[in-house]
There are 2 protein chains.
Amino acid sequence: MADRDIRVLVVEDEAIAAEAHAAYLDRLTGFVHAGTAGDGHAALRALAAAVAAGQPIDLVLMDMTLPDLHGLDVSRRMRAAGLTTDIIAITAVRELHIVRGAVAAGIVQYLIKPFTYATFAQKLVQYRDFRLQLASQSAMTSQTDVDLAFASLRTPTDLPRPKGLSEGTLGAVIEFLKHQTVPVSSSEVMDQLGISRVTARRYLEHLADTGSLDRSPRYGTPGRPENEYAWRR
Amino acid sequence: MADRDIRVLVVEDEAIAAEAHAAYLDRLTGFVHAGTAGDGHAALRALAAAVAAGQPIDLVLMDMTLPDLHGLDVSRRMRAAGLTTDIIAITAVRELHIVRGAVAAGIVQYLIKPFTYATFAQKLVQYRDFRLQLASQSAMTSQTDVDLAFASLRTPTDLPRPKGLSEGTLGAVIEFLKHQTVPVSSSEVMDQLGISRVTARRYLEHLADTGSLDRSPRYGTPGRPENEYAWRR
DNA sequence: ACTGTTGCGGTCATATTGGTCACGGCCGAC
DNA sequence: GTCGGCCGTGACCAATATGACCGCAACAGT
């Protein structure tokens with residue numbers, strides 16, 4: 001299992017997106033694009049055909065919004081057919097019950113569109129590590145082994161952060177902003193979190209640049225206009 | 001979802017073990033024992049009956065070795081029936097393909113028999129946290145939110161002691177931290193225990209990673225922020 | 001209406017401090 | 001005696017505060 005490439009089926013109705021996923025796959029070592037299906041029934045047929053041909057699919061990149069069936073339905077039918085093929089969900093839908101259903105359907109990763117190549121690669125590499133971890137031993141010898149394997153599947157490996165920003169501070173700023181109902185200025189963030197104005201601004205600017213925050217100037221007071229930031233919902 | 005207890009069905013053919021699991025459940029807040037099934041078909045009937053009664057089961061503690069069906073088969077049939085009930089597998093079997101199948105069947109945790117109450121409680125508490133995290137927001141607003149929810153489900157809190165850490169020193173650090181009323185920095189641990197800052201940090205970081213410690217940066221002074229640690233109660 | 005003044009936040013360079021890493025030494029085990 | 005595991009050392013890296021300076025808008029006086 002570990003000594004051959006992971007065969008991936010792309011299930012995606014939009015041709016452009018499907019091609020993009022396939023192109024992404026080619027850039028990763030250890031994965032091979034084994035085909036594309038444009039709707040749910042085609043996906044199920046392709047999976048069955050691959051089994052019949054003795055080259056079963058290892059992993060499905062499944063778009064949740066398909067023309068005929070919902071991605072979750074396709075997943076359920078796969079399970080009902082006894083397939084243990086792993087599934088990574090790709091979706092623009094962020095509804096709660098979809099996530100819950102995904103967990104129950106045995107979906108190993110959940111990618112929200114739009115995503116960057118870095119995010120895509122991270123999720124797939126995590127999955128590859130998970131397989132390697134399982135393959136490296138013939139049996140789970142202890143609870144710890146199982147926990148580690150599961151963890152390698154689901155522990156987020158933090159995405160590259162620009163220099164000068166720390167994990168903890170960034171989290172604190174985000175957490176603070178999420179709880180605000182009105183836009184806040186960098187001074188307010190400084191006071192509330194006990195950090196300096198300069199530091200507060202660095203994080204706010206970064207979040208605004210990456211699109212997580214709305215930024216707008218605030219007039220009416222003496223002095224240079226003050227930028228105020230609001231969490232984008 | 002978050003404001004009521006989690007209804008749990010115990011599926012276990014050995015009466016003694018089933019009773020033990022139920023007793024364990026009673027000791028945990030937020031969980032309620034909703035019934036016991038002695039084999040696979042009984043489990044499926046109980047699940048359907050609970051749905052019909054308007055009190056669906058939230059979680060199944062499923063033994064894998066049942067007299068009639070394998071636990072994985074029961075899980076697959078649940079999925080085929082459209083149930084999104086979560087499943088925690090309990091098994092003495094450690095074979096690889098069982099673990100792989102469990103992932104595909106949407107099994108959220110995997111407990112290996114025999115286990116202690118502490119291990120049992122840890123897995124269930126993790127699951128409870130996962131539910132709370134999902135319930136705390138109406139929709140997943142970002143990839144990070146989804147990642148965090150998945151991580152809270154499967155991050156091991158039971159990491160083996162990594163290399164470079166000794167039993168004795170670890171115990172000393174824990175003992176010291178337990179007696180502190182305010183968070184301490186690695187420098188303070190260094191001074192008090194007479195070990196180097198690097199060593200102190202190794203242990204503090206490990207404990208923080210495993211969830212035994214809370215870690216937060218301390219601002220207000222020039223220089224890189226200092227992490228302070230507090231024993232989590 | 002124009003202009004200088006004032007006040008406040010943005011910007012930048014620098015000092016400061018703790019985190020991080022690689023290496024080496026010591027001690028116990030086999 | 002050698003090897004491996006644990007810890008300390010010191011150099012380097014990273015993240016923050018500080019303070020001086022700049023820019024912009026309001027305000028007041030002419």
Side-chain angles (χ1 to χ4, degrees), chain A residues 144 157-177 180 182-210 212-230, chain B residues 159-177 180 182-230:
Chain A
T144 304
T157 59
D158 34 20
L159 291 168
R161 229 177 315 103
K163 292 183 55 116
L165 273 63
S166 71
E167 169 79 35
T169 308
L170 185 61
V173 172
I174 292 177
E175 196 56 30
F176 173 71
L177 284 162
Q180 303 306 311
V182 295
V184 294
S185 69
S186 64
S187 304
E188 288 161 339
V189 174
M190 168 186 76
D191 290 336
Q192 296 296 319
L193 294 182
I195 61 182
S196 78
R197 204 182 40 170
V198 189
T199 302
R201 263 203 84 266
R202 278 195 294 118
Y203 286 90
L204 291 170
E205 284 298 317
H206 168 251
L207 289 171
D209 286 343
T210 56
S212 302
L213 293 184
D214 286 322
R215 170 179 39 193
S216 66
R218 175 197 291 171
Y219 299 97
T221 58
R224 182 169 178 160
E226 187 177 12
N227 281 327
E228 59 182 19
Y229 304 86
Chain B
L159 286 174
R161 193 155 39 83
K163 292 175 62 95
L165 273 64
S166 73
E167 177 76 28
T169 311
L170 185 61
V173 172
I174 292 177
E175 197 56 30
F176 173 71
L177 283 162
Q180 304 305 313
V182 295
V184 293
S185 69
S186 64
S187 306
E188 289 161 340
V189 174
M190 167 186 76
D191 291 335
Q192 296 296 319
L193 293 183
I195 58 183
S196 79
R197 201 184 54 184
V198 182
T199 301
R201 266 203 78 265
R202 272 203 281 264
Y203 288 89
L204 291 170
E205 283 299 315
H206 169 250
L207 288 170
D209 285 343
T210 57
S212 302
L213 293 183
D214 285 322
R215 169 178 41 193
S216 69
R218 179 192 290 170
Y219 303 99
T221 58
R224 182 169 176 156
E226 186 178 14
N227 279 327
E228 58 183 21
Y229 304 86

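As the structure is a computational prediction, the values presented were derived from the model and not from experiment. In what follows, chains are A, B, ... by sequence order, proteins preceding strands, each numbered from 1.
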Non-hydrogen atoms of His206(B) and Leu170(B) that approach each other most closely: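 In terms of heavy atoms, the two residues are closest at ND1-CD1, 4.2 Å.
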Per [X] side chain, nearest of listed nucleotides [options]:
| X | options | value |
| --- | --- | --- |
| Arg197(A) | dT16(D), dT9(D), dG9(C) | dG9(C) |
| Arg202(B) | dT18(D), dC7(D), dG9(C) | dC7(D) |
| Ser196(A) | dG8(D), dG9(C), dT18(D) | dT18(D) |

Hey, which of these two, Thr199(B) or Gly194(A), hits DNA chain D nearer its 5' end, going by closest nucleotide?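 That would be Thr199(B).
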Name the residue closer to the 5' end of DNA chain D, choosing between Val198(A) and Gly164(A) according to the nucleotide with the nearest heavy atom.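 Its nearest nucleotide lies further toward 5', so the answer is Gly164(A).
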Give a yes or no answer on whether the side chain of Gln180(B) reaches the backbone of Leu177(B) with a donor-acceptor pair at less than 3.5 Å.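 No, Gln180(B) side chain to Leu177(B) backbone: no donor-acceptor pair under 3.5 Å.
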Would you classify Ser186(A) as touching base, sugar-phosphate or nothing, given that sugar-phosphate means primed atoms plus P, OP1 and OP2, and contacts are heavy atoms under 4.0 Å?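 Sugar-phosphate contact only.
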Whichever of Glu205(A) and Asn227(B) has its nearest DNA chain C nucleotide further upstream toward 5':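 Residue closer to the 5' terminus by nearest nucleotide: Glu205(A).
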Length of the line joining [X]:[atom1] and [N]:[atom2], which is rounded to integer Å:
| X | N | atom1 | atom2 | answer |
| --- | --- | --- | --- | --- |
| Asp191(A) | dA17(D) | CG | P | 12 Å |
| Arg224(A) | dG9(C) | CZ | P | 11 Å |
| Leu204(A) | dG10(C) | CG | C1' | 13 Å |
| Glu167(A) | dG18(C) | CD | P | 22 Å |
| Tyr203(A) | dT16(D) | OH | C1' | 8 Å |
| Leu165(A) | dT16(D) | CG | P | 7 Å |
| Glu226(A) | dC8(C) | CD | P | 11 Å |
| Arg201(A) | dG23(D) | CZ | P | 15 Å |

Taking OP1 and OP2 of dA15(D), is either one under 4.0 Å from a side-chain nitrogen or oxygen of Thr169(A)?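 So the side chain of Thr169(A) is outside the cut-off, no N or O lying under 4.0 Å from OP1 or OP2 of dA15(D).
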Taking 4.0 Å as the cut-off, does a side-chain nitrogen or oxygen of Ser166(B) come that near to OP1 or OP2 on dG5(D)?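 Ser166(B) to dG5(D) OP1/OP2: no side-chain N or O under 4.0 Å.
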Looking at side-chain heavy atoms only, is the closest gap between [X] and [Y] below 4.5 Å?
| X | Y | result |
| --- | --- | --- |
| Tyr229(B) | Ser212(B) | no |
| Glu205(A) | Asn227(A) | yes |
| Leu193(A) | Thr169(A) | no |

Please list residues of residues 216-223 of chain B whose heavy atoms come under 4.0 Å from any atom in DNA chain C, ordered by number; otherwise none.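 Pro222(B), Gly223(B) - these, ordered by number, are the residues of the stretch whose heavy atoms sit under 4.0 Å from the strand.
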Using 0.5 Å steps for rounding, measure from the OG atom of Ser186(A) to the CD1 atom of Ile195(A).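 The distance works out to 9.5 Å.
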Given Arg215(A) and Leu204(A), is the side-chain contact (heavy atoms from CB on, under 4.5 Å) satisfied, shown in steps? CA-CA 9 Å; Arg215(A) 170 179 39 193; Leu204(A) 291 170; over 6 Å; no
